[in-house]
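Here the structure comes first, spelled out in structure tokens, and everything after it is commentary.
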Amino acid sequence: MDLALLRTFVTVHRAGSFTRAAALLGLSQPAVTSQIRTLERQLGRPLFLRQARGVTPTTIGDELAHKAAPHLDALVEITETGLDDESSLRTLHLAGPPEFTAERALPALTELTGEDGQGFALRASFGNAEETLEGLAAGHHDLAISTARPRGALLTASTLCDEEHVLVAAPSWADQLGSGEAVKTAFEDVPVVEVHESLPFVSRYWASVFDSRPAAPGTVVVPDLRAVLACAVAGAGLAVLPRYLCAAALDRGDVVALHEPTVPPLRTYFLVVRTGTLAMPHIARAHEWLLRAAADWC
């Protein structure tokens with residue numbers, strides 16, 4: 001069986017689209033379609049069902065992808081690393097949410113970089129759960145940190161840790177609002193700092209703790225939780241933040257917790273790989289290292 005056909009097939013399987021696969025492979029869409037049809041004729045079975053948007057693998061297509069993908073990834077790893085230059089470092093490509101990746105994952109993984117015979121070079125990119133999982137499936141990343149557990153057997157997820165969310169504000173706001181249910185009652189008059197207009201953190205907190213929805217829009221919206229914390233410290237309004245991110249500010253008194261529910265809202269992080277790629281030593285080592293480090297994070 002032609003390895004080029006298998007490579008095209010696995011790329012289509014991961015991308016879920018002939019068009020996206022063609023872009024990833026640097027081929028035209030007709031060329032990708034032709035290669036998939038050739039492979040289907042050789043196997044005598046359809047590998048994909050054509051949909052209005054993209055393609056869905058058949059049972060045979062899924063089975064072939066799960067058998068072939070790890071071996072193709074291993075061959076790519078060999079070609080990227082090189083056979084003759086044993087001193088060259090392998091590169092680990094990590095993707096995840098910017099704050100958690102920057103504050104937690106990257107500091108832990110930098111301990112594994114270097115030329116110690118087992119180290120690797122490290123490249124990181126940031127994105128939301130959908131973006132990172134799509135990039136992982138398409139082969140752009142080796143590891144992804146995600147707040148969503150992927151479906152299907154193409155990606156394998158391990159629970160990394162849970163983060164606790166805390167409702168905080170500068171001390172001046174805390175003096176005005178009081179605490180507990182008073183915060184809920186006074187919310188409509190309080191500025192809100194968030195990462196998105198939809199108020200994902202505040203809405204999740206209100207639903208979990210107060211069994212209601214926030215009524216006020218965000219006053220300050222910035223797409224980074226570290227900037228949200230800085231604005232909260234400056235007195236811009238209340239915010240919901242991961243405890244790990246605001247713990248130091250809480251200890252210093254820069255912000256205060258407005259509410260301490262008996263069961264705080266939690267968000268789970270998952271460490272995700274393409275199924276079969278843990279056979280690659282540098283990915284396996286990073287995966288194990290992050291799981292161990294996460295025991296002390298949350």
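All values below come from the heavy atoms of this structure, side chains included, with hydrogens, waters and symmetry mates left out. Because the structure is predicted, anything quoted here is derived from the model rather than measured.
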| said: Could you check whether any side-chain heavy atom of Arg226 comes within less than 4.5 Å of a side-chain heavy atom of Pro98, counting everything from C-beta outward? | reply: yes

| query | At their closest point, which heavy atom of Ala69 faces which heavy atom of Arg14, and how far apart are they? | reply | CB-NH2, 3.6 Å

| Is it the case that His196 and Glu194 place a side-chain donor and acceptor less than 3.5 Å from each other? | no

| said: When you measure from the side chain of Thr8 to the backbone of Ala4, do you find a donor-acceptor pair of N or O atoms at a distance under 3.5 Å? | reply: yes

| Side-chain heavy atoms of Arg20 within contact of Glu134, under 4.5 Å | no

| query | Do you reckon Leu238 sits in the same ILVMFWY cluster as Val222, going by side-chain contacts under 4.5 Å, direct or chained? | reply | yes

| message | Does the plane of the ring in Phe100 sit parallel, tilted or perpendicular to the ring in Trp297? Use 30° and 60° as the thresholds. | response | perpendicular

| said: Taking CD in Gln51 as the centre, count heavy atoms belonging to other residues, nucleotides or ligands within less than 6.0 Å. Is the count above 12? | reply: yes

| request: Can you measure from CG (Leu122) to CZ (Arg90) and round to the nearest 0.5 angstrom? | output: 15.5 Å

| query | To the nearest 0.5 Å, how far apart are CG in Leu160 and CG in Leu143? | reply | 10.0 Å

| Is a side-chain donor or acceptor of Glu163 paired with a backbone partner of Pro242 at a separation under 3.5 angstrom? | no

| message | Within the 4.5 Å heavy-atom criterion, are Leu167 and Trp206 side-chain neighbours or not? | response | yes

| query | Has the side chain of Gln35 got a donor or acceptor atom that lies under 3.5 Å from a matching backbone atom of Val32? | reply | no

| Hey, mind stepping through Leu155 and Arg274 against side-chain contact (heavy atoms from CB on, under 4.5 Å) and telling me if it holds? | CA-CA 4 Å; Leu155 301 178; Arg274 291 189 303 280; 3.8 Å; yes

| What's the verdict on side-chain contact (heavy atoms from CB on, under 4.5 Å) for Leu245 and Glu103, showing C-alpha distance, side-chain angles and the deciding distance? | CA-CA 8 Å; Leu245 194 63; Glu103 299 289 330; 3.9 Å; yes

| field | Linked, directly or transitively: Val221 and Leu225 (ILVMFWY side chains, under 4.5 Å) | value | no

| task | Say whether, by atom type as modelled, one donor and one acceptor occur between the side chain of Thr110 and the main chain of Pro107 under 3.5 angstrom. | result | yes

| query | Of Leu199, Thr219, Val228, which meets side-chain contact (heavy atoms from CB on, under 4.5 Å) against Val193? | reply | Val228

| Pairing of Arg292 and Glu111 as salt bridge, 4.0 angstrom limit | no

| task | Taking Trp289 for its side chain and Ala108 for its backbone only, find out whether a donor-acceptor pair lies under 3.5 Å. | result | yes

| query | Any idea which heavy atoms bring Ala157 and Pro150 closest together, and the distance? | reply | CB-CD, 3.7 Å

| query | Relative to each other, are the rings of His13 and Phe9 parallel, tilted or perpendicular (30° and 60° limits)? | reply | tilted

| Expected output: side-chain Arg104 to main-chain Ala294 donor-acceptor under 3.5 Å | no

| task | Keeping the roles fixed (side chain from Ser208, backbone from Tyr205), state whether a donor-acceptor pair exists under 3.5 Å. | result | no

| said: Tell me the closest heavy-atom pair linking Pro57 and Gly61, and the distance in Å. | reply: CB-C, 4.4 Å

| task | Please report the shortest heavy-atom distance between Ala284 and Leu278, naming the atom on each side. | result | CB-O, 3.2 Å

| Out of curiosity, His141 NE2 to Ile283 CD1, how far, rounded to the nearest 0.5 Å? | 12.5 Å

| message | side-chain contact (heavy atoms from CB on, under 4.5 Å), that's the test. Do Arg149 and Val272 meet it? Break it down for me. | response | CA-CA 8 Å; Arg149 183 188 289 274; Val272 191; over 6 Å; no

| request: Decide whether Leu3 and Leu43 are clustered together by the hydrophobic rule: side chain heavy atoms of Ile, Leu, Val, Met, Phe, Trp, Tyr closer than 4.5 Å, transitively. | output: yes

| request: Taking Glu40 for its side chain and Leu47 for its backbone only, find out whether a donor-acceptor pair lies under 3.5 Å. | output: yes

| message | So which atom in Trp173 and which in Gly235 form the shortest heavy-atom distance, rounded to 0.1 Å? | response | NE1-O, 2.9 Å

| remark: Taking every heavy atom of Ile60 against every heavy atom of Pro46, the minimum-distance pair comes out as CB-O, 4.3 Å

| Backbone N or O of Phe48 within a donor-acceptor pair of the Arg50 side chain at under 3.5 Å? | yes

| said: Once rounded to the nearest 0.5 Å, what's the spacing between atom CG of Asn128 and atom OG of Ser146? | reply: 9.0 Å

| message | Hydrophobic clusters here meaning ILVMFWY residues chained together by side-chain heavy-atom distances under 4.5 Å, can you tell me if Leu106 and Val273 are in one? | response | yes

| task | Drop me the distance from Cys161's SG to Leu291's CG, to the nearest 0.5 angstrom. | result | 10.0 Å

| Gap separating the CD1 atom of Ile145 from the CG atom of Leu136, nearest 0.5 angstrom | 11.5 Å

| query | Taking the side chain as C-beta and beyond, is there a heavy-atom pair between Leu241 and Phe201 under 4.5 Å? | reply | no

| field | Results of ring pair (Phe, Tyr, Trp, His ring centres under 6.0 Å) for His287 - residues two or more places apart only | value | none

| said: Under the criterion side-chain contact (heavy atoms from CB on, under 4.5 Å), I'd like the reasoning laid out for Leu250 against Val255: C-alpha separation, chi angles, the key distance, then a yes or no. | reply: CA-CA 5 Å; Leu250 287 167; Val255 292; 3.8 Å; yes

| Thr159 vs Phe270 side-chain heavy atoms within contact, under 4.5 Å | yes

| field | Side chains of Tyr269 and Pro97 in contact at under 4.5 Å (non-hydrogen atoms) | value | yes

| request: Return yes if some donor-acceptor pair links the side-chain N/O of Arg285 with the main-chain N/O of Met280 below 3.5 Å, else return no. | output: no

| said: Are Val220 and Leu258 linked, directly or through intermediate hydrophobic residues, by side-chain heavy-atom contacts shorter than 4.5 Å (ILVMFWY only)? | reply: yes

| field | Side chains of Arg37 and Ser34, donor plus acceptor under 3.5 Å | value | no

| field | Close side-chain approach of Leu92 and Thr113, heavy atoms under 4.5 Å | value | no

